[in-house]
Amino acid sequence: MRTQVVIVGGGPSGLLLSQLLYTKGIDSVVLERQTRAYVLSRIRAGVLERGMVDLMTRAGVDARMRTEGIPHTGTLIAQGDTLFRVDFAKHTGQSVMLYGQTEVTRDLYAARDAAGAKILHEVDAVEIHDADRDAPFVTFQHGGSDQRIDCDFIAGCDGFHGVSRRSIPAEVRQEYEKVYPFGWLGVLSETPPVNDELIYANSSRGFALCSMRNPQLSRYYIQCSMADKPEDWTDTAFWHELRRRIPAEQADTLVTGPSVEKSIAPLRSFVTEPMQWGRLFLCGDAAHIVPPTGAKGLNTAASDVHYLFDGLCQHYLDGASEGLNHYSERALARVWKAERFSWWFSSLMHRYPDQSAFDLRIQQAELAFLRDSDAAQKALAENYVGLPY
Ligand code: RFL
Ligand code: PHB
């Protein structure tokens with residue numbers, strides 16, 4: 001088999017790239033390790049930046065997002081029982097869109113199906129060959145047989161545990177990592193959200209976040225120990241703890257119900273450099289991870305896809321190599337700003353096991369500064385709605 005671009009990984013990065021390439025007549029094949037049902041069962045990001053919304057529009061998959069997504073023009077930050085709002089619209093003239101990653105993925109699958117795209121599920125033993133030469137190829141197992149696809153380029157969109165990053169020789173790669181000493185316990189419940197905007201809460205018992213997917217589906221998180229297992233937390237225990245971490249007024253009106261999903265995510269900051277090796281380009285979680293505070297994971301994956309799509313269009317449509325040659329620098333310049341913001345927002349909102357009395361006072365002072373300073377709120381708003389591509 002032969003194609004122009006082999007895309008390893010059929011998560012949001014891989015599907016979005018393949019759909020964008022299709023709009024320009026560039027051929028691709030997507031190789032996904034899991035079943036489609038499994039990919040669609042993962043509950044992950046919920047907030048889309050303007051750049052991601054624009055990419056969905058360019059890919060022609062924005063119709064349902066436009067009717068079912070909920071634009072948010074601000075967010076609430078709680079410090080104990082006090083609450084203040086950061087107004088994105090006032091500070092940036094922009095908003096974000098509440099629309100789940102699961103729905104983004106579902107819309108992309110529908111569009112790819114309609115176009116008769118080649119997406120192979122349940123592929124195994126994917127290996128990338130000759131990415132540093134002129135004629136790369138990918139081998140894998142599918143449906144019980146060994147297969148090979150020759151291509152011009154390979155997009156490594158296979159997430160943090162994928163094969164693509166590890167295909168770049170260790171001596172070429174530089175990795176930067178910070179692991180946080182806690183996780184997020186997330187619950188999805190078929191209950192109306194406690195508030196019509198998100199609430200990020202810093203409490204003496206640890207961080208909490210009130211988010212949503214739609215007017216009847218809420219997503220809540222609490223900071224937990226990495227030693228915890230989801231099954232350690234009954235629904236009753238979760239709701240009790242959440243109530244203790246959010247302001248009394250919201251705790252009193254919180255509607256609870258059975259969880260329809262419950263999981264624990266670790267918090268990690270990670271970047272690998274470079275994001276390109278010969279004809280192999282890494283996108284999204286394959287190249288970097290952010291802690292979820294600030295919802296930058298999926299959005300940073302989207303900006304990578306934008307730069308790679310731009311480079312591939314230049315190559316195939318204009319015969320220019322500039323975009324592909326500078327992919328890694330362009331993507332990393334924005335990645336590191338998202339890393340900085342996610343790290344800063346995480347540091348501001350969580351309780352750390354080794355936090356001294358001094359550290360706590362500094363955290364409180366920083367929150368007070370954010371509450372009282374227009375300039376500080378503008379900086380948060382600018383990062384939250386998404387830095388320009
Ligand atoms: P994904 O979504 O991990 O998709 C990668 C795909 O590649 C497949 N794959 C392979 N396929 C073929 N061969 C192999 N060897 C393969 N190895 C892996 C996988 O099955 C998968 O389908 O990466 P992508 O597309 O770059 O998208 C990135 C986003 O998914 C990610 O940044 C966010 O979801 C991060 N994230 C969150 N971000 C937010 O902004 N807000 C959140 O609330 C939020 N919650 C989360 C998250 C990530 C989590 N992970 C990774 C554990 C919660 C969790 C649990
Ligand atoms: C979510 O709705 O899952 C969500 C929202 C905002 C975040 C992280 C996760 O910062």
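Order of listing sets the numbers, starting from 1, for every ligand and every atom in it. Residue numbers count from 1 along this sequence. Side chains are part of it too, since the values below use all heavy atoms of this structure and drop only hydrogens, waters and symmetry mates.
Look at K296 and you'll find every heavy atom at least 4.0 Å from all atoms of ligand 2. In this structure, R42 is part of the shell of residues with a heavy atom less than 4.0 angstrom from ligand 1. Residue contact annotation: W184 has a non-hydrogen atom under 4.0 Å from ligand 2.
Atom OH of Y38 has 12 or fewer neighbouring heavy atoms from other residues, nucleotides or ligands inside a 6.0 Å radius.
No part of I289 comes within 4.0 Å of ligand 1, judged by heavy-atom distances. Proximity of P266 to ligand 1, defined as any heavy-atom pair under 4.0 Å, is not found for any part of the residue. Residue contacts with ligand 1 for K296 involve N, CA, C or O but no side-chain atom from C-beta outward (heavy atoms, distance under 4.0 Å). Looking at Y221 against ligand 1, only its side chain comes within 4.0 Å, counting heavy atoms.
Under the 4.5 angstrom side-chain criterion for Ile, Leu, Val, Met, Phe, Trp and Tyr, the cluster partners of F358 are I362. The hydrophobic cluster containing L185 also includes L76, L83, V187, V194, I199, Y220, I222, M226, W233, F238, W239, L242, I246, L254, I264, under a criterion of side-chain heavy atoms closer than 4.5 Å among ILVMFWY residues, counted directly or through chains of members.
The N/O atoms of E32, backbone and side chain alike, include one that comes under 3.5 Å of an N/O atom in ligand 1. An N or O contact shorter than 3.5 Å links Q101 to ligand 1 by distance. Among the atoms of M212, none of the N or O lies under 3.5 angstrom from an N or O of ligand 2.
Numbered from 1 in the order shown, with element, the atoms of ligand 2 that lie under 4.0 Å from a heavy atom of A295 read 6 (C), 7 (C), 10 (O). Taking every non-hydrogen atom of G294 and a distance limit under 4.0 Å, the qualifying atoms of ligand 2 come out as 10 (O). Heavy-atom contacts of V126 reach the following atoms of ligand 1: 13 (N) (cutoff under 4.0 Å). Applying the 4.0 Å criterion to heavy atoms of V47 picks out, from ligand 2, the atoms 5 (C), 6 (C).
A cation-pi geometry, defined here as NZ or CZ lying under 6.0 Å from the six-membered ring centre and within 45° of its normal, does not hold between K378 and F88. A cation-pi geometry, defined here as NZ or CZ lying under 6.0 Å from the six-membered ring centre and within 45° of its normal, holds between R165 and F160.
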With salt bridge (charged side-chain N to carboxylate O under 4.0 Å, His left out) as the test, would you mind laying out the steps for R148 and D146 before giving the verdict? CA-CA 7 Å; R148 167 178 170 144; D146 291 336; over 6 Å; no
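Under 4.0 Å is where a charged nitrogen must lie from a carboxylate oxygen, and between R33 and D158 no such pair does.
For atom 8 (C) of ligand 2, the closest heavy atom belonging to the protein is P292 O, 3.4 Å. Nearest to atom 7 (C) of ligand 2 among the protein's heavy atoms is Y200 OH, 3.4 Å. Looking only at protein heavy atoms, the nearest one to atom 2 (O) of ligand 2 is S211 OG, 2.6 Å. From the protein, the heavy atom lying nearest to atom 3 (O) of ligand 2 is Y221 OH, 2.6 Å.
R330 and S303 are not linked by any side-chain donor-acceptor pair at a separation below 3.5 angstrom, with hydrogens and angles left out of the test. With no hydrogens or angles considered, no side-chain donor-acceptor pair links S269 and Y176 at under 3.5 Å. Between R42 and S263, the side chains place no donor N or O within less than 3.5 Å of an acceptor N or O (distance only, hydrogens not considered).
Under the 4.5 Å side-chain criterion, counting only non-hydrogen atoms from C-beta, Q4 is in contact with Y316.
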